[in-house]
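Data block below; observations after.
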Amino acid sequence: MTTHAAGVAWLELAELSLGVSTQDVASIRDVTGGAEDGVDLDARFGLPEGRWDEPRSITLRSGAALRTRAEVRVELLADEDRFDVPAFFAEWARARGLVRIARRETGFGFLIEPEPFLAGLERDDEKGGNDGTPH
Amino acid sequence: MTREPNAMEEKTPAPHEAAHADAKLEQAWLAFDVAGVSLALAPASADEICDLGTITPIPLSPRYVEGIVSIRGRPVPLVSLAAFASLPSRRARPKEDRPDRCIVATALGMTVALRCDEVHGVLVASGAVRPETVALPAGLGPFIRGEVELGPDLFLVFDFDAFVDSARLRS
């Protein structure tokens with residue numbers, strides 16, 4: 001049996017790992033941390049205690065960018081560690097760019113499709129609810 | 001000459017026996033508490049009862065979907081009936097050294113872990129299901145199908161299918 005693996009850049013936020021396919025990433029660079037460096041994920045999802053660094057910007061091939069001080073770890077993800085989103089929220093998740101779930105060392109992480117994910121953040125900001133922070 | 005039944009035939013009950021077995025099954029209920037409300041679920045609806053381990057929050061999700069948990073290595077959404085039905089927070093303290101628990105059940109092709117304050121186990125009813133005599137919290141009403149006596153206590157019969165259909169996240 002052949003095991004396939006794909007590169008994922010994991011953004012290690014508080015209680016939450018967001019994974020972007022390395023195929024979607026144009027560059028990861030140190031930045032000063034202004035709004036011009038992309039959507040601030042830390043403000044939205046928090047940072048893990050003691051595991052953060054200087055701000056970095058992950059620029060996507062589409063031109064959009066994500067900004068975080070959290071650790072960014074690039075890993076290979078094997079097929080057997082990748083799951084479909086459970087039917088209970090699959091349709092909802094797809095609309096928000098949460099496309100797959102990956103098994104991680106502790107718990108799971110979400111593989112995102114950056115554009116619909118960012119659009120989902122914007123929609124929720126406009127509605128002023130559903131803050132998405134860990135419960 | 002009489003023929004010896006083979007093993008498969010021995011396991012297949014006659015229709016009247018099967019009906020009797022079903023009737024017995026209907027008298028047993030999986031009893032559990034959520035936010036101080038005692039609920040009963042048909043045991044056939046439940047896959048298993050689990051201790052809750054690590055909960056991974058789902059970004060952008062409503063608060064009643066607490067996250068995903070690992071059930072035999074697979075991700076399953078953890079749902080809070082208390083939060084969904086806006087039940088008053090009367091959560092019992094977990095017993096010492098006992099992690100919080102959930103009932104994993106499948107309805108309409110969707111597997112969900114339902115957070116419970118306490119799982120009493122499978123109890124046998126001393127009577128039939130009857131219309132509920134207690135006032136229901138407003139948010140819970142659509143998912144209750146009567147009440148049943150399990151031992152000395154009354155439990156509300158919980159319609160898991162209706163709950164999942166109502167709580168599932170749609171785009």
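Reminder, nothing fancy here: chain letters follow the sequence lines and each chain counts from 1.
- Between chain A and the options B:P75, B:S171, B:P77, heavy-atom pairs under 4.5 Å are most frequent for B:P75.
- Note on A:P86, A:A95, A:A93: by heavy-atom pairs under 4.5 Å with chain B, the leading option is A:P86.
- B:V76 belongs to a hydrophobic cluster whose remaining members, ordered by chain and number, are B:L52, B:I55, B:V69, B:I71, B:L78, B:V104; membership requires side-chain heavy atoms of ILVMFWY residues under 4.5 Å apart, directly or through intermediates.
- Atom CZ in A:R67 sits 13.0 Å away from atom CG in A:L11 (nearest 0.5 Å).
- Looking at residues two or more places apart in sequence or on another chain, you find a side chain to side chain contact (heavy atoms under 4.5 Å, CB included) between B:A162 and B:F143, B:R145, B:D159.
- Atom CG of A:L98 is separated from atom CD of A:E113 by 10.0 Å, given to the nearest 0.5 angstrom.
- Ranked by heavy-atom pairs under 4.5 Å with chain B, the first of A:G109, A:A90, A:A87 is A:A87.
- Only the side chain of A:F83 comes within contact range of chain B, with at least one heavy atom under 4.5 Å from a heavy atom of that chain.
- Classification of the B:F160-B:F158 ring pair by plane angle, with boundaries at 30° and 60°, yields perpendicular.
- Interface residue A:F110: only side-chain heavy atoms are found under 4.5 Å from chain B.
- With a 4.5 Å cut-off on non-hydrogen atoms, A:L13 does not touch chain B at all.
- Within the 4.5 Å cutoff, the side chain of A:W92 has heavy atoms near those of the B:L60 side chain.
- Chosen from B:G109, B:A107, B:S70, the residue pairing most often with chain A at heavy-atom distances under 4.5 Å is B:S70.
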